[in-house]
Amino acid sequence: MDRRLMMLASVTMCSCAVAGALHAQTRYPSRPLTLVVPASPGGTTDFTARLVAEPLSQILGQPVIVDNKAGAAGNIGNQVVARAKPDGHTLLVAYSGYQVGNPHLFKKAGWDPIKDFVPVAMMTRAPQIVVVRQGLPFRTLSDLVAYARANPGRLNYASSGNGSIQHIAGEMLQQQTGTTLTHVPYKGAGPAVQDLLGGTVDVFITTPASVVAHVKADKLKALAVTGGARLPSLPEVPTVAEVGLPEFKLDSWFALYAPAGTPEDVVLTLNRALARILAQEDVQRKAADSGTSVELMTPNQLGAYTRRELDFWGAVIKAARITLD
């Protein structure tokens, strides 16, 4: 009898050890997380990733690495995550211009926004801001438009790449004002800002996080904000409606996606962690100082919103006749 009890105890201990090992293997996260940014450092996508990376590391108990994979108008970074193992350790910090714009700009982007990704959470949103280099004699957006009308093609404008929201914004501005500007595409907002500071390009319509510090330092001039309200970080800069272009409204959003097939419990763990992060006052203050605002959505809400935005930007891109193929 004693021998049987000893055997049973031995089997039970082995079973517990196996169960414990399996639990250790499936515990999330089990290793460092990588936030893939499909753009260069210095833009709002990069800012959003770094805004949440450290607090996310503290909550989940694992290092969180920001990995910038710029190129091909965001397609390289998106492809990396689309092909990653769906275990929640490789995630995409998506920029709306890429996530819902590229599917309409490329016949073969190498990824699909619905089939290849699981929505996790919305994180930040930002209007665009029209900035110009120092040395130009413009005090208002009306000044810029008047000069562009009188001098077709003399002014150039930067974008973070062909088909990016900055490119689309430049096309929309020309359509609505009857002007002609020369497009100069870059591989991300960071390089575009550097050339704007250096005087190589004249105009940049981009998210505030990329340029607010330079405007405050009087290195760039801000002419208008494309949102419905002035920015708390730049209260002196009028909205496009205030300067007579009420239809020139557009904003960008930045959200977290995981590879398709990522377990639901992992997605919910990430969403709950981000809810805690975005509720923090210091995170909200950092976002506001950069010209962005925090905004959380559940995975289901983000999924439905992604589909609506795909339809909306498809119509805008078609009207602007922009294609990258």
Side-chain angles (χ1 to χ4, degrees), residues 39-40 42-45 70-75 95-98 101-102 104-106 126-211 214-215 219-226 237 240 243-245 247-252 313 315-325:
S40 303
T44 308
T45 317
N75 289 331
Y95 158 51
S96 58
Y98 296 155
N102 282 13
H104 302 288
L105 295 165
F106 295 88
Q128 306 292 301
I129 186 167
V130 184
V131 293
V132 298
R133 64 175 174 83
Q134 288 290 3
L136 291 175
F138 309 142
R139 297 183 58 190
T140 67
L141 184 58
S142 298
D143 292 340
L144 184 155
V145 170
Y147 179 90
R149 283 174 177 163
N151 300 274
R154 287 286 300 275
L155 291 176
N156 56 41
Y157 75 95
S159 80
S160 63
N162 285 315
S164 65
I165 196 169
Q166 296 100 331
H167 181 192
I168 295 169
E171 293 300 315
M172 289 176 63
L173 179 64
Q174 293 175 79
Q175 290 175 13
Q176 294 185 19
T177 59
T179 56
T180 301
L181 307 175
T182 301
H183 177 218
V184 182
Y186 288 84
K187 291 183 178 180
V193 171
Q194 290 305 309
D195 270 9
L196 189 69
L197 290 167
T200 303
V201 288
D202 302 314
V203 184
F204 194 26
I205 305 171
T206 189
T207 46
S210 304
V211 294
H214 300 302
V215 172
K219 295 180 180 179
L220 297 175
K221 290 191 287 185
L223 303 184
V225 176
T226 65
V237 180
V240 286
V243 296
L245 285 174
E247 299 302 316
F248 187 50
K249 285 186 179 180
L250 70 161
D251 63 8
S252 298
W313 284 106
V316 170
I317 290 167
K318 183 177 180 180
R321 298 178 181 178
I322 299 173
T323 180
L324 299 183
D325 286 322

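Computed from heavy atoms alone, side chains included, the values below leave out hydrogens, waters and symmetry copies. This one's a predicted model, so the numbers in the text were calculated from it and none came from an experiment.
The minimum heavy-atom distance linking A158 with V201 is given by the pair CB-CG2, 4.0 Å. The two residues V132 and L196 make their nearest non-hydrogen contact at C-CD1, 4.4 Å. Listed here is the closest heavy atom pair of Y98 and S160: OH-O, 3.7 Å. Summarising the geometry of K187 relative to S40, their closest heavy-atom pair is O-OG, 2.6 Å, with the distance given to 0.1 Å. Nearest heavy atom pair, residue L141 against residue A224, reads CD2-CB, 4.0 Å. Closest non-hydrogen pair, P127 versus P208, comes out as O-CD, 3.0 Å.
Taking CD of Q174 as the reference point, atom CE of M172 lies at 12.0 Å (rounded to 0.5 Å). Rounding to the nearest 0.5 Å places CD1 of I205 at 4.0 Å from CZ of F248. Note: H214 NE2 to Q134 CD = 12.0 Å, rounded to the nearest 0.5 Å. For the atom pair CZ (F138) and CG (L223), the distance works out to 8.5 Å, reported to the nearest 0.5 Å. Rounding to the nearest 0.5 Å places CG of L250 at 4.5 Å from OG1 of T226. In this structure, F204 CZ and Q128 CD are separated by 8.5 Å, a value rounded to the nearest 0.5 Å.
Between H104 and K318, the closest side-chain pair of non-hydrogen atoms is not below 4.5 Å. Within the 4.5 Å cutoff, side-chain heavy atoms of I165 are placed close to those of W313. H183 is listed as a side-chain neighbour of S159, based on a closest heavy-atom distance under 4.5 Å.
Remark: side-chain polar atoms of S210 are not paired, donor with acceptor, to backbone N or O of G43 under 3.5 angstrom.
Contacts classified as salt bridge (Lys or Arg N to Asp or Glu O under 4.0 Å) and involving residues 128-149 (residues at least two apart or in different chains) are given here: R133-D202.
Checked against L144 for a side-chain contact (heavy atoms from CB on, under 4.5 Å), the options V203, L136, V243 give a single hit: V203.
Residues passing the side-chain hydrogen bond (donor to acceptor under 3.5 Å, both in side chains) test with T179, sequence neighbours excluded: T177. Residues passing the side-chain hydrogen bond (donor to acceptor under 3.5 Å, both in side chains) test with T207, sequence neighbours excluded: T44.
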